[in-house]
J.: 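One structure, as structure tokens, below. Some questions next.
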Number of protein chains: 2
Amino acid sequence: MQQADIDGFYADPSQIDPEEYLLLDLYFECSGDPRSAAAHLCSEQSTAQWSRVGVAEDYRPRFAAKVIDLVVEGRRATTSYPLDPPVAGPVSACRVRIAHPHANFGPRLANMLSAVLGEGAFFAPGIPIVKLLDIQFPSAFLAQFQGPQFGIDGLRQLWNVHARPFFFGVIKPNIGLPPGPFAELAEQAWLGGLDIAKDDEMLADPDWSPLADRSALLGAARQRAEQATGETKVYLANITDEVDRLAELHDLAVANGANAVMLNALPVGLSAVRMLRRHARVPLVAHFPFIAAMSRLPNFGVHTRVLTKLQRLAGCDVIIMPGFGSRMMTSEAEVLENVAACTAPMGPIRPALPVPGGSDSAATLEAVHRHIGHADFGFVPGRGVFGHPGGPRDGAASLRQAWDAIARGLSVAEHARNQPALRAALERFG
Amino acid sequence: MQQADIDGFYADPSQIDPEEYLLLDLYFECSGDPRSAAAHLCSEQSTAQWSRVGVAEDYRPRFAAKVIDLVVEGRRATTSYPLDPPVAGPVSACRVRIAHPHANFGPRLANMLSAVLGEGAFFAPGIPIVKLLDIQFPSAFLAQFQGPQFGIDGLRQLWNVHARPFFFGVIKPNIGLPPGPFAELAEQAWLGGLDIAKDDEMLADPDWSPLADRSALLGAARQRAEQATGETKVYLANITDEVDRLAELHDLAVANGANAVMLNALPVGLSAVRMLRRHARVPLVAHFPFIAAMSRLPNFGVHTRVLTKLQRLAGCDVIIMPGFGSRMMTSEAEVLENVAACTAPMGPIRPALPVPGGSDSAATLEAVHRHIGHADFGFVPGRGVFGHPGGPRDGAASLRQAWDAIARGLSVAEHARNQPALRAALERFG
């Protein structure tokens, strides 16, 4: 591009109508002039040829993505990561804020992904390394999405869980166990104090555990557990499947007594999540497979907070995400950014319940609560409940006992002295 | 895991029924013992707790993913890429082949993605760096997918294009131009010799170019061009949208005269592509937004060939992919691997037409043809047709003229002396 062409992809923030643009924050590394590179980043994601040959016209004022801030953070001898084909010589490390006109595609998730994470971002000339760090939506755009049906307040009313975290448990053995014993394990956990017994994200509707059979047994067990405990109990059925089966599986599971459904958001696609949101009568829970493949590296891909925001926008009431601890290979700061992406104000879109998970048990509850700083979260052990040496009833009880200590300002370890289920959990998992 | 536990995730290749397993090839870097790490990789992607507490049972023989080959390629002082949180100390660089039992999830794309690119692959203890390099499917699994409806031979018959590449062109200006002049540009390109005039992957159904209006005008222009030239002409309508609109938009576009439809495969989701395949009456074309975010780094994420295979399995007749040349930041070897993933034998699944694209024009056709080594491919310039100084008619003609030279074994540059459209293309784009 010539200098005059580059100028067409820059704007002063005060000159654009904020309701008409998404704001994109990106990190990139470029080998040439950063100002030119950022213009290419905008050109490729919007109007790469802004006039017909021989016609005096310019589609950039209305349709171009525009740089509204560019900071060159430094120079590096090479790109952050070696590439094939290799990129020679020094690069500039830059941060850019781009205003992208959403009328180019409208309030559609699949088209928004194509524009902000497509050829424009990843094949802009001279920019081999790029990461979409954040996205912000104006209220005019948000108003065209439903977002979560219940939100955190709605979930607390619906499930009668107040002033404490929601206790989820992943029923295990997760793969292979037939529906009968699977339901028995869940019932024991509910009796012990679990709120939400859930299918593993890899357990859906296989021949050896058909959702019809499993949800019927779990639905009945749930109702028995509710009668026995006087508490609301939840069976979270994983209905992840081909997208044209989602509504049917939702209806089947709910008719059988499931009172929440789970989708693996990226594997089914964010747009399919939104489709199911229009149909769903129960809370919608998202799980995180596939996301790490595009988000783990600090300087490439897309930041998890962007995908958390998009899952919330698509309508997920609950977002399960990689949590604290070395096992989940995610920094504490990043977990907290994703928790905030669930709960921070987002125009008319309700908050989603964040569920940071990974190798949790009664032994980790206090630390998770301390990291988050409040009780508006879900806690989701697997083996911490279903691998408890006393069985799932004790496993679930150990969570409630740990919370009792935390809520009363007591040491969990000291409280465990008189609570055998908690003591056994700390001994096994602590 | 104890040593005996680890053994349960290993198998001799001769002992497993190849029809019951997907084969996964992965690269990984681990900080501990590679044999234990590979077992965890299998455990996390299948049965992470293979027995109930207190019950003598073992779900691994039937349900475990199993290591059938493990090679430690070397030791590295650190991981290939710095991570946050950082991984201390030396790591082993390994290649592993895993046999994953597909009955765990069945012939479902969303569930397969969850199993092979989910928590199992990316959160296996001790494996912070991992890339899924390849996937192979047994015929029992493939038989449950439709694959491409037409395949390359079907496309040649349908569109009457024989013994040469298919000439696509991305109508430009891609974003902003109203349907009337947009259709005029396409008509000129068809008259000049273009086979397939296509919407840009970011142009779908916005207010300023509704698909209804655009497809009606393009459909009519296409029929005029067919009458004028005696050739079959194709309008490829981009119907990428929310998944519950895909069938409706397909029907609308086809009724108006579009004779192929395009989806951005990852943004709509592979499962939505498969859903549309069941419905589609015209060839289905996939475009590549979002894929680079998870595939560019040599040692992390998922190799593009895996996603090419999955797009073919989902039913795409044509797969547009990053092509040759520095602009597309993809090695020649990787482009060729993706071309092969489209055309190599795949049980009952028909071949897809590979379309490696990126900044092409008459000036690059000879090199692309030489790289690929045959004419079973699509060629997809944008500005090379619609930015040609003589306009899109000359732009399209320049492609056909370049091919005439190649087919006759002549130098394209020498042939251009008597072909003004080709000469102008080489001068502008060469």
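The sequence lines fix the lettering, A, B, ..., with proteins before strands; numbering per chain opens at 1. Note that this is a predicted model, so its numbers are computed, not measured.
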J.: Is there a side chain to side chain contact (heavy atoms under 4.5 Å, CB included) between A:Arg278 and B:Asp244 once you walk through the steps?
T.: CA-CA 10 Å; A:Arg278 294 199 186 95; B:Asp244 44 3; 2.5 Å; yes

J.: Chain B heavy atoms under 4.5 Å from A:Phe123: which part of the residue, side chain, backbone, both or neither?
T.: both

J.: Please state whether the side chain, the backbone, both or neither of A:Leu246 comes within less than 4.5 Å of a heavy atom of chain B.
T.: neither

J.: So for B:Ile127, is it side chain, backbone, both, or neither that comes closer than 4.5 Å to the heavy atoms of chain A?
T.: backbone

J.: Looking only at heavy atoms and a cut-off of under 4.5 Å, which of A:Ser80, A:Ser114, A:Gly301, A:Ala121 has the most pairs with chain B?
T.: A:Ser114

J.: Would you mind reporting whether A:Leu83 and B:Arg296 have side-chain heavy atoms less than 4.5 Å apart?
T.: yes

J.: Could you check which of B:Gly390, B:Pro389, B:Gly176 has the highest count of heavy-atom pairs closer than 4.5 Å to chain A?
T.: B:Gly176

J.: Under 4.5 Å heavy-atom distance to chain B, tell me which part of A:Tyr59 shows up: side chain, backbone, both or neither.
T.: side chain

J.: Any sub-3.5 Å donor-acceptor pair from A:Arg52's side-chain atoms to B:Leu185's backbone N or O?
T.: no

J.: Against chain A, label B:His287 side chain, backbone, both or neither, depending on which of its atoms sit under 4.5 Å from a heavy atom there.
T.: side chain

J.: Could you tell me which portion of A:Ala124 (side chain, backbone, both or neither) has an atom closer than 4.5 angstrom to a non-hydrogen atom of chain B?
T.: backbone

J.: Using atom types as modelled and distance alone, determine if a side-chain donor or acceptor of A:Gln49 lies under 3.5 Å from a backbone N or O of B:Arg383.
T.: no

J.: Check the pair B:Met202 / A:Asn111 against side chain to side chain contact (heavy atoms under 4.5 Å, CB included), numbers first and verdict last.
T.: CA-CA 7 Å; B:Met202 287 187 297; A:Asn111 301 279; over 6 Å; no

J.: Select one option (side chain, backbone, both, neither) describing which atoms of A:Asp84 are under 4.5 Å from chain B's heavy atoms.
T.: both

J.: Of the backbone (N, CA, C, O) and the side chain (C-beta and beyond), which part of A:Thr240 lies under 4.5 Å from a heavy atom of chain B, both, or neither?
T.: both

J.: What part of A:Leu132 gets closer than 4.5 Å to chain B, counting heavy atoms only: side chain, backbone, both or neither?
T.: neither

J.: Which heavy atom of B:Pro82 sits nearest a heavy atom of A:Pro298, and at what distance?
T.: O-CD, 3.7 Å

J.: Given heavy-atom pairs under 4.5 angstrom as the criterion, report whether the side chain, backbone, both or neither of A:Ser331 touches chain B.
T.: both

J.: By a 4.5 Å heavy-atom criterion (distance strictly below it), what part of B:Arg60 contacts chain A: side chain, backbone, both, or neither?
T.: neither

J.: Begin from the C-alpha positions of B:Trp208 and A:Phe63 and carry the test side chain to side chain contact (heavy atoms under 4.5 Å, CB included) through to its verdict.
T.: CA-CA 11 Å; B:Trp208 47 270; A:Phe63 294 98; 3.5 Å; yes

J.: Tell me which of these, A:Glu201, A:Met112, A:Met275, A:Glu57, has more heavy-atom pairs under 4.5 Å with chain B than the rest.
T.: A:Met275

J.: Taking it one step at a time, do B:Met329 and A:Phe122 satisfy side chain to side chain contact (heavy atoms under 4.5 Å, CB included)?
T.: CA-CA 9 Å; B:Met329 308 180 202; A:Phe122 289 94; over 6 Å; no

J.: What part of A:Pro107 lies closer than 4.5 angstrom to a heavy atom of chain B: side chain, backbone, both or neither?
T.: backbone

J.: Side chain from CB out, backbone as N, CA, C, O: work out which of these in A:Asn299 comes under 4.5 Å of a heavy atom of chain B, or both, or neither.
T.: neither

J.: Any idea which of A:Pro267, A:Gly118, A:Pro173 has the most non-hydrogen atom pairs under 4.5 angstrom with chain B?
T.: A:Pro173

J.: Just give me the residue among B:Leu113, B:Val302, B:Asn104 that pairs up with chain A most often, heavy atom to heavy atom, under 4.5 Å.
T.: B:Asn104

J.: Please check if the number of heavy atoms outside B:Arg327 that lie under 6.0 Å from its CZ is greater than 12.
T.: yes

